[in-house]
Colleague: 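Quick one: this structure, given as structure tokens, is what I'll be asking you about.
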Amino acid sequence: MGTLASNRKGFITGTSAANYATALNVTNGTATDSATGNQNCIQYFRSSGRGGGTFRFIRTFIHFNTTNLTEASSISLQLTSAGGSDSSNFNVTAIKHSAGSSNGSAISDSDFNNIDRTTAYSATTTFGTSGTVTINLNATAATQINENNDFNVALLLTHDAIQTEEDPLESDGDISNIIAFSSAINLVYTEPAAPSGYTHKVNTIAAANIGKVDTVATANIGKINTVD
């Protein structure tokens, strides 16, 4: 089992809008880059108020340097919850983002809507009230991780990620999930099996009696002169 720690983690609080539908497509916010501590960072807030309402989302943005991952499988994203609910309204979905110039640079206020809702990296996942939250990543995420140097994953409330038309709250309140940013946010994955080694004779000598071929241990040899 392999583990890769996040390279950058933070969140952006979207600019307040006058209604739920508008809040879904706000383009700017207030960024908290390299977040620490317990932060309310995956949220929908609603306050109808007098003379206009306040409707707002908060989205989390994470970057991993995946340069050294090429054959990872069964990949999950793991983080620590510091609060939330197991109600279906509090479910989260992992999707692609391009914040921080897509390369792990600092996230900025204008990155709030730099998300790709057409590229989901997970199914909707329950965000527990405490302890480890495990988000199983799909084949699309695995391809991105194994074939590219950067993996950018945003965590949104599922209502936000799929742009649900109906406001999930019938009255004022909020749907909030809290991440313990001072704890690790990791990719956990299955590593490829170690090479089984070359299993044939070399110059009439049985493979069991050969430790190395040209100083290379047989356990690390798959072929000799292109022959399995």
Colleague: Ignoring hydrogens and angles, tell me if any N or O in the side chain of D33 forms a donor-acceptor pair with the backbone of I107 under 3.5 Å.
Modeller: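 Yes, D33 side chain to I107 backbone: donor-acceptor pair under 3.5 Å.
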
Colleague: What pair of heavy atoms forms the shortest contact from N103 to S105, and how long is it?
Modeller: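 In this case the closest contact between N103 and S105 is OD1-OG, 2.7 Å.
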
Colleague: What distance do I95 atom CD1 and N152 atom CG have between them, rounded to the nearest 0.5 Å?
Modeller: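 So the CD1 of I95 and the CG of N152 are separated by 11.5 Å.
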
Colleague: Give, for atom CD1 of I162 and atom CG of N91, the distance between the pair rounded to the nearest 0.5 Å.
Modeller: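 The distance works out to 10.0 Å.
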
Colleague: With a 3.5 Å distance limit and no angle check, can you tell me whether T125 reaches the backbone of T134 through a side-chain donor-acceptor pair?
Modeller: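 Flag not set: sc T125 to bb T134 has no pair under 3.5 Å.
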
Colleague: Nearest 0.5 angstrom please: N65 CG to N149 CG, how far?
Modeller: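 Reported to 0.5 Å precision, the distance equals 6.5 Å.
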
Colleague: Name all pairs fulfilling the side-chain hydrogen bond (donor to acceptor under 3.5 Å, both in side chains) condition that reach into residues 169-184, sequence neighbours left out, sorted by first residue then second.
Modeller: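 Counting only pairs at least two positions apart or across chains, the side-chain hydrogen bond (donor to acceptor under 3.5 Å, both in side chains) contacts touching residues 169-184 are N40-S176, Q43-S176, S48-D172, D174-S176.
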
Colleague: What is the minimum heavy-atom distance between Q163 and L24, and which atoms define it?
Modeller: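 Where Q163 meets L24 most closely, the heavy atoms are CA-CD1, 4.3 Å.
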
Colleague: Between F181 and L79, is there a shared hydrophobic cluster once you connect ILVMFWY residues whose side-chain heavy atoms come closer than 4.5 Å?
Modeller: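 Yes, because F181 and L79 connect within a single hydrophobic cluster, where side-chain heavy atoms sit under 4.5 Å apart.
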
Colleague: Side-chain heavy atoms under 4.5 angstrom apart, residues restricted to Ile, Leu, Val, Met, Phe, Trp, Tyr: same cluster for F57 and I115?
Modeller: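 Linked within one cluster.
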
Colleague: Any side-chain heavy atom of L69 within less than 4.5 Å of one from I75?
Modeller: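 When only atoms from C-beta onward are counted, I75 and L69 do not touch, as no gap falls below 4.5 Å.
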
Colleague: If we only count heavy atoms from C-beta on, is the Y20 to R46 side-chain gap below 4.5 Å?
Modeller: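 The answer is no, as the side chains (C-beta and beyond) never meet within the 4.5 Å cut-off.
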
Colleague: Taking side-chain hydrogen bond (donor to acceptor under 3.5 Å, both in side chains) as the test, write out the residues that go with N7, two or more places apart.
Modeller: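 Scan of N7 (side-chain hydrogen bond (donor to acceptor under 3.5 Å, both in side chains), adjacent residues dropped) gives H63.
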
Colleague: Atom CZ in F112, atom CD1 in I12: separation rounded to 0.5 Å?
Modeller: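 F112 atom CZ to I12 atom CD1 measures 7.5 Å (nearest 0.5 Å).
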
Colleague: Taking the side chain as everything from C-beta on, heavy atoms only, tell me whether F64 gets closer than 4.5 Å to L77.
Modeller: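 The answer is yes, as the side chains (C-beta and beyond) meet within the 4.5 Å cut-off.
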
Colleague: According to a hydrophobic-cluster definition based on side-chain heavy atoms being under 4.5 Å apart (Ile, Leu, Val, Met, Phe, Trp, Tyr only), do L157 and I135 belong together?
Modeller: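 L157 clusters together with I135.
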
Colleague: Kindly determine whether S102 and D150 satisfy side chain to side chain contact (heavy atoms under 4.5 Å, CB included), including the steps that lead there.
Modeller: CA-CA 7 Å; S102 297; D150 302 282; 6.0 Å; no

Colleague: Does F55 reach the side chain of L169, with side-chain heavy atoms less than 4.5 Å apart?
Modeller: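 Side chain of F55 against side chain of L169, heavy atoms only: no contact under 4.5 Å found.
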
Colleague: Would you sort out whether S108 and D111 count as a side chain to side chain donor-acceptor pair (under 3.5 Å), showing the intermediate values?
Modeller: CA-CA 5 Å; S108 63; D111 277 323; 3.2 Å; yes

Colleague: Between T93 and T158, is a side chain to side chain donor-acceptor pair (under 3.5 Å) present by the stated rule, with each step listed?
Modeller: CA-CA 5 Å; T93 300; T158 298; 2.9 Å; yes

Colleague: With distance as the sole test, does S81 use its side chain to make a donor-acceptor pair with the main-chain N or O of V133 at under 3.5 Å?
Modeller: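 Here the side-chain-to-backbone pair does not exist.
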
Colleague: Looking only at non-hydrogen atoms, find the nearest pair between A72 and Y189 and report the distance.
Modeller: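 Result for this residue pair: CB-CD1, 3.7 Å.
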
Colleague: Which distance, rounded to the nearest 0.5 Å, do you find between the CZ of R59 and the CG of L156?
Modeller: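 Output value for this atom pair is 5.0 Å.
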
Colleague: Check whether any side-chain heavy atom of Y121 sits under 4.5 Å from a side-chain heavy atom of T140, and report yes or no.
Modeller: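 Side-chain contact under 4.5 Å: yes.
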
Colleague: Specify the closest pair of heavy atoms between V92 and I42, including all atoms of both residues, with the distance to one decimal.
Modeller: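 Shortest heavy-atom contact: CG1-CG2, 3.9 Å.
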
Colleague: Is the closest side-chain heavy-atom distance between D160 and Y44 below 4.5 Å?
Modeller: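 Not touching, per the 4.5 Å side-chain cut-off.
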
Colleague: Quick check with a 6.0 Å cut-off and a 45 degree axis cone: is R8 positioned over the face of F61's six-membered ring?
Modeller: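 Checked: cation-pi criterion not met.
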
Colleague: Decide whether I179 and V188 are clustered together by the hydrophobic rule: side chain heavy atoms of Ile, Leu, Val, Met, Phe, Trp, Tyr closer than 4.5 Å, transitively.
Modeller: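 Different hydrophobic clusters.
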
Colleague: Of all the heavy-atom pairs spanning A17 and V26, show the shortest one and how long it is.
Modeller: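 Closest approach of A17 to V26: CB-CG2, 4.2 Å.
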
Colleague: Would you say the side-chain atoms of T15 pair up with the backbone N or O of N28, donor to acceptor, closer than 3.5 Å?
Modeller: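 Judged by distance alone, yes, a pair lies under 3.5 Å.
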
Colleague: Which residues pass the side chain to side chain contact (heavy atoms under 4.5 Å, CB included) test with E71, sequence neighbours left out?
Modeller: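 Counting only residues at least two positions away or on another chain, E71 forms a side chain to side chain contact (heavy atoms under 4.5 Å, CB included) with P192.
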
Colleague: Please confirm whether the backbone N or O of I62 pairs with a side-chain atom of H97, one donor and one acceptor, at under 3.5 Å?
Modeller: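 Pair found, side chain donor or acceptor close to backbone of I62.
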
Colleague: Decide yes or no on side chain to side chain contact (heavy atoms under 4.5 Å, CB included) for L137 and L187, but give the supporting numbers first.
Modeller: CA-CA 9 Å; L137 302 182; L187 291 181; 3.8 Å; yes

Colleague: Tell me the closest heavy-atom pair linking V153 and A94, and the distance in Å.
Modeller: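 For V153 versus A94, the nearest heavy atoms are CG2-CB, 3.6 Å.
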
Colleague: Find the distance between OG (S76) and CG (N186) and round it off to the nearest 0.5 Å.
Modeller: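 If I round to the nearest 0.5 Å, the distance is 9.0 Å.
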
Colleague: Any donor-acceptor pair under 3.5 Å linking the side-chain atoms of N89 with those of S87?
Modeller: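 There is no such pair between these side chains.
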
